[in-house]
Each structure stands twice: as C-alpha cells, then as structure tokens.
**Q** 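Could you have a look at this structure, given as structure tokens, before my questions?
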There are 2 protein chains.
Amino acid sequence: MNMLPTYDDVVDAAGRIAGAANFTPVLTSRTVNEEFGAQVYFKCENMQRMGAFKFRGAYNALSRFSPEQRRAGVVAFSSGNHAQAVALSARLLGMPATIVMPQDAPAAKVAATQGYGGKVIFYDRYTEDREQIGRELAEKHGLTLVPPYDHADVIAGQGTAAKELFEETGPLDAFFVCLGGGGLLSGSALATRALAPNCDLYGVEPEAGNDGQQSFRSGAIVHIDTPKTIADGAQTQHLGKLTFPIIQRDVDDILTVSDDELVQCMRFFAERMKIVVEPTGCLGFAAARKMKESLRGKRVGILVSGGNIDLARFAGLIA
Amino acid sequence: MNMLPTYDDVVDAAGRIAGAANFTPVLTSRTVNEEFGAQVYFKCENMQRMGAFKFRGAYNALSRFSPEQRRAGVVAFSSGNHAQAVALSARLLGMPATIVMPQDAPAAKVAATQGYGGKVIFYDRYTEDREQIGRELAEKHGLTLVPPYDHADVIAGQGTAAKELFEETGPLDAFFVCLGGGGLLSGSALATRALAPNCDLYGVEPEAGNDGQQSFRSGAIVHIDTPKTIADGAQTQHLGKLTFPIIQRDVDDILTVSDDELVQCMRFFAERMKIVVEPTGCLGFAAARKMKESLRGKRVGILVSGGNIDLARFAGLIA
C-alpha cells in the first residue's frame with residue numbers, strides 16, 4: 001500500500017516552491033457576486049508561472065531529486081501543462097528533461113515546452129500508451145519519471161494553491177476544483193480538510209470524461225477511453241492509486257459540466273473579468289454556476305487552474 | 001484662468017471612491033522582467049469596475065454633485081468607456097443619467113450603457129456636434145455636464161490609480177501612461193510628482209493621433225482630425241485646457257507607437273500574462289518595450305488603462 005501524502009507534505013512543498021512559484025492573485029467580480037448572491041473568490045492559477053498550477057507539483061517533485069537523479073534528468077508524459085511545468089522546473093534546477101507528448105497536443109504547449117529546453121518525444125494518443133513509453137525511456141536512460149498526478153510530491157505541490165487561497169480568504173463554505181487525474185483535487189483536499197474542515201469540496205469533470213464521478217460513486221477506479229472534450233487538461237482516463245483514496249475520503253461530490261458550459265465561462269472570464277482561461281480552467285466556475293441557487297449567501301472558492309491555450313483556438317472559441 | 005487640480009484633490013478623490021471602485025491588482029511577469037532586464041509593474045485598470053479607469057473620474061465627479069444637481073441628473077457625451085462610467089456611477093449614486101452617443105455606436109456599448117440605467121440620446125456623428133447637443137440638454141433640463149477628461153474632478157479621480165500603484169510599489173524610475181484627452185495622464189502626473197518626484201513620466205499616444213506630442217513640443221494645444229487607429233480610447237482631437245498645462249509642467253515626454261505594436265502587446269498580454277487588454281490599454285507597454293534598452297536595471301510602472309473590447313473584435317486581433 002502506497003503512503004498517502006498529508007497536509008504536512010503540502011506545508012513542506014509550500015516552503016520548497018516559495019520564490020520559484022508565483023503567489024497568484026485571488027480575483028473577485030461584483031457581477032459574479034450579484035449573479036450568485038454570494039461572495040466568490042477565484043484563485044487564479046492561470047497567472048501561475050508557465051500559466052498553470054502544474055508548476056507547483058513539478059517543481060516540488062524535482063527539487064527533491066538526489067544529485068544522481070538530477071544528473072541523469074527527468075522524464076514526463078503529458079498532454080500539456082505538466083510537460084511545460086517539468087521542462088521549466090528542470091531548467092531552473094539545472095537538469096535535463098524529456099517530455100512525451102501526444103502528436104495532437106496544442107501547438108502553444110509544445111512550443112513552450114521546447115522553449116524551456118525540454119526534449120519532446122511525440123506519441124499517438126489513440127493507439128500508444130504514454131505511460132509505457134515514459135517508463136521505457138526512464139529505464140533505458142536512467143531517468144526519473146515524474147507522472148502528471150499520481151505522485152505524492154506532485155499532489156503535495158498542487159495542494160499549495162488551495163493553501164494560499166484559504167490563508168488569504170479564511171475558511172470557505174464551498175470550493176470547486178477541476179478534476180483530471182486528481183492531482184490538483186487531492187492536493188486541494190488535503191489543504192481544505194486542514195484549513196476549512198467544514199467546506200463542501202467539489203471536483204468537476206467534463207461530461208464526456210466522467211470517470212472520476214463513476215469512480216467516486218462506485219468506490220473503485222473506473223477506466224474510460226480518452227474522452228472527447230475541449231477541456232484538454234481533463235482528458236485523463238482514470239484516477240490514480242494515490243489520488244483516488246484521498247478524493248474518496250475528503251471530497252464531497254464530483255460534478256460534471258458540458259463543453260458548451262465551459263465556453264460560456266471562457267467568454268465570461270474574458271469579457272467581464274478580463275482574464276484568459278483555458279477550457280479546463282473553467283470547470284470549477286461552470287459547475288458553481290449550475291448550482292448557484294444553493295450557494296446563496298455563502299463564501300465560495302473557485303480554482304482557475306490554467307490559461308494555456310493557443311491564441312487562435314481561444315479566439316475561435318470566444319468569437 | 002481655470003484652477004488646476006492638485007495632488008490634494010487626488011487624495012480626496014481616493015477617499016470618495018473607496019469602496020465603490022476596485023483597488024486593482026498590480027501584476028508582474030517574469031518574462032517581461034527578463035526581456036527588459038528590469039522590474040516592471042502593471043497597474044491593471046482593465047480589472048477596474050466596468051472595465052476601465054474611467055470609473056474613477058466619473059464616480060468622483062458625480063459624488064460631488066449637490067442635492068439639486070443629483071435630482072436633475074448628469075449628462076455626458078461619449079461613445080466609449082466614459083459613457084458606461086457615468087451611467088454606472090449615476091446608478092450607484094441614485095441619479096438619472098443621459099448619455100449622448102453616435103447612432104452608429106456599437107450595439108454592445110449602447111446596451112451596456114442602457115443596462116446601467118442610462119438614457120441614451122443618439123446623434124449623427126457626421127452632421128451633428130455632440131458637445132453642443134450635450135450643452136443644450138444640460139441647459140434645457142438643468143443637467144450637469146461631466147466631460148470625459150477636461151474637468152478637475154475627473155482628473156483627480158483618474159489620478160487615484162497611480163496613487164495606488166506608487167503606494168504598493170514605492171517610487172519608480174519610469175512610468176508609462178496612455179494619452180487621449182489627458183485625464184489619466186494629468187491625474188497620474190499629480191500622483192507621480194507627489195509620490196515619486198524623480199520618476200520619468202511618459203505619456204503614450206497612437207502614431208496616427210499624436211496631437212499630444214505636437215502640443216507638448218510646440219507649447220500650445222494642437223487640434224487634429226479624428227485619427228484612424230485601433231486605440232479607440234485615444235481618438236481624441238486635442239488636449240484640454242486643464243490637462244494640457246499639467247502635462248506640460250509634470251510630464252517628461254510624449255511618445256508614440258504604431259497600431260501593429262499595440263496588437264503585438266495585446267497578444268503578449270493574452271498569451272503570456274493571461275489578461276484581456278483593449279488596444280488603448282496597450283499604449284504604455286508598447287512604448288516601454290520600444291525603449292527597453294534604456295530601462296535596464298530600473299523599476300518601471302505601466303498603466304494598463306482598460307479591457308473593454310468586443311470579444312469578436314478581440315478575437316480577430318489576436319487570432
């Protein structure tokens with residue numbers, strides 16, 4: 001049985017990433033507060049270094065490498081933000097990085113990964129297994145594999161965003177966090193149970209990829225085919241051996257939203273709050289909006305996970 | 001001779017707008033800091049209430065109305081942010097607002113103004129004079145006219161953004177502020193000379209509408225035809241009787257940038273900083289970028305004036 005990370009690990013991670021990661025702003029919107037009849041806080045990880053929360057977990061994990069591990073370098077498989085996070089963290093910590101990315105990954109994410117000095121190896125996400133490719137590269141070249149979510153140091157690092165939020169706002173009544181493989185949600189759960197124990201914590205997935213909801217409700221990890229959704233950061237096929245038990249223990253429910261609802265939120269973020277949010281980053285807000293009647297009079301947190309999207313694609317979605 | 005507003009008026013304005021206006025975030029970007037070799041602070045008035053700094057001046061002006069003036073209401077002429085700022089401020093302060101707008105104003109802006117409760121009166125921008133219409137309405141109905149920039153209370157209100165910036169960052173070495181009619185620049189100048197007396201203060205105009213630069217260099221207000229530029233907030237034809245002498249006294253130089261340079265900055269803001277900025281809001285950053293070599297090692301402020309742009313137009317410019 002794997003040891004699950006705890007809130008102490010989140011606190012340690014916060015110390016390790018301080019100075020390297022951004023302390024991201026918490027934004028509010030009078031329009032949203034009026035629409036909800038509530039006080040809503042947006043933790044803006046789209047303004048995190050390299051544009052998403054993923055930097056927190058990657059930097060935390062890589063900063064714990066031994067000198068030998070640093071010399072050989074890191075390998076990661078990712079459709080996007082984790083790739084950039086590992087590439088940037090590796091550059092900052094002075095080690096080589098190899099990233100396994102799908103052929104159809106957003107061009108901006110591929111370019112950014114390469115821009116940070118990461119070596120990119122492509123695979124076909126519909127026919128090949130990225131985890132196996134990653135493991136083979138690790139064995140062959142002595143690289144250390146840092147998976148995108150199912151890793152104690154990654155989970156602890158991701159939890160630092162929620163820790164910052166609660167330390168700024170105090171305890172909240174409800175908190176909405178997007179869910180792919182569960183790194184952010186499980187890390188957020190550790191921080192939530194420590195800092196806002198009575199807060200209702202919701203994970204949010206795209207409708208097309210509700211493996212987390214199925215797993216949560218059935219009590220066992222459910223695997224699905226790669227879901228077709230614009231939320232490319234939540235196209236995971238299953239929760240992890242570490243993330244699932246934390247989610248099962250600490251999360252109140254898993255909700256789903258449609259791609260249309262994500263686009264409406266993207267437009268709202270751009271038009272009214274003047275921020276660029278990628279589709280996955282809209283999951284939390286979209287779910288909160290759907291149940292706003294039950295949030296009346298409450299203090300609500302929403303984790304905006306990232307803002308990495310091709311400008312042309314962004315333009316196409318908001319136009 | 002008109003009495004020029006002073007920094008004391010900016011301080012008074014700050015007290016008046018507190019609670020009504022947003023205290024906007026100051027964002028930084030490691031990418032920009034590396035590109036400039038400097039520490040650059042962006043004061044984000046695109047996140048101001050109704051999406052632009054204009055709310056500060058309008059609310060300050062309207063909050064000084066006498067009970068009689070409030071009963072009769074306010075009139076303003078504007079096709080853009082000032083119209084919405086006056087309409088929203090009037091609603092918050094419980095007075096009627098009449099806004100004179102061109103017949104061909106974008107439907108979204110008309111709708112936003114009406115949404116704030118403003119009564120819109122249309123004019124034909126090719127055959128009628130909006131200032132005259134505004135003055136006639138004011139006389140006929142006893143309304144108080146609040147012009148978009150050449151008004152002591154408007155200038156003092158706009159200066160509160162720079163005051164907030166300096167209070168957060170401390171004195172800076174250089175500060176870049178966009179320039180249309182000069183309300184924001186002259187207000188910023190009052191705050192700069194009080195809080196960062198040695199700071200180099202630059203006004204920035206679109207190349208196509210450099211009446212401010214011509215005026216600054218010739219020593220007299222120069223009038224031009226409505227300039228063709230994407231920076232629609234800087235399509236003014238001349239500085240004001242109040243804004244010009246402050247600018248002449250307190251500003252170090254007026255710079256210009258091209259529309260192409262503005263679009264590059266819009267794209268950078270969206271892609272790297274994840275914020276939506278209207279073309280006029282990019283003037284300061286565009287000018288700073290052009291002279292970044294001379295800013296090396298310095299602490300630099302940039303005023304991002306607003307983010308009100310039709311999403312379809314924004315999409316077209318960044319795609």
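Within every chain, numbering begins at 1; the chains are lettered A, B, ... in the order of the sequence lines, protein sequences first and strands thereafter. If you're wondering where the values come from, they're calculated on a predicted model, not measured in any experiment.
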**Q** Between B:F314 and chain A, with a heavy-atom cut-off of 4.5 Å, which part of the residue counts as in contact: side chain, backbone, both or neither?
**A**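 Just its side chain gets close to chain A.
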**Q** So which heavy atom on A:V276 is nearest to which on B:I275, and how close?
**A**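 Smallest interatomic distance, heavy atoms only, reads CG2-N, 4.2 Å.
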**Q** What part of B:L317 gets closer than 4.5 Å to chain A, counting heavy atoms only: side chain, backbone, both or neither?
**A**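 The answer is neither part of B:L317.
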**Q** Only pairs of heavy atoms separated by less than 4.5 Å count here; which of B:L27, B:I318, B:I309 has the most with chain A?
**A**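 Heavy-atom pair counts peak at B:I318.
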**Q** For a quick test of reading the model, state the closest non-hydrogen atom pair linking A:A319 to B:A315 and the distance between them.
**A**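 It is CB-CB, 3.8 Å.
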**Q** Quick one: donor-acceptor pairs between chain B and chain A, under 3.5 Å, side chains and backbone, table format.
**A**
residue : atom : partner : partner atom : Å
B:G19   : O    : A:R30   : NH2          : 3.3
B:A20   : O    : A:R30   : NH2          : 3.1
B:N22   : OD1  : A:R30   : NE           : 3.2
B:N22   : OD1  : A:R30   : NH2          : 3.2
B:R30   : NE   : A:N22   : OD1          : 3.2
B:R30   : NH2  : A:G19   : O            : 3.3
B:R30   : NH2  : A:A20   : O            : 3.1
B:R30   : NH2  : A:N22   : OD1          : 3.1
B:K274  : O    : A:V276  : N            : 2.8
B:K274  : NZ   : A:G307  : O            : 2.9
B:K274  : NZ   : A:N308  : OD1          : 2.9
B:V276  : N    : A:K274  : O            : 2.9
B:G307  : O    : A:K274  : NZ           : 2.9
B:N308  : OD1  : A:K274  : NZ           : 2.9

**Q** Would you mind telling me which of B:G51, B:G307, B:C44 has the largest number of heavy-atom pairs within less than 4.5 Å of chain A?
**A**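 Most pairs with chain A among the choices: B:G307.
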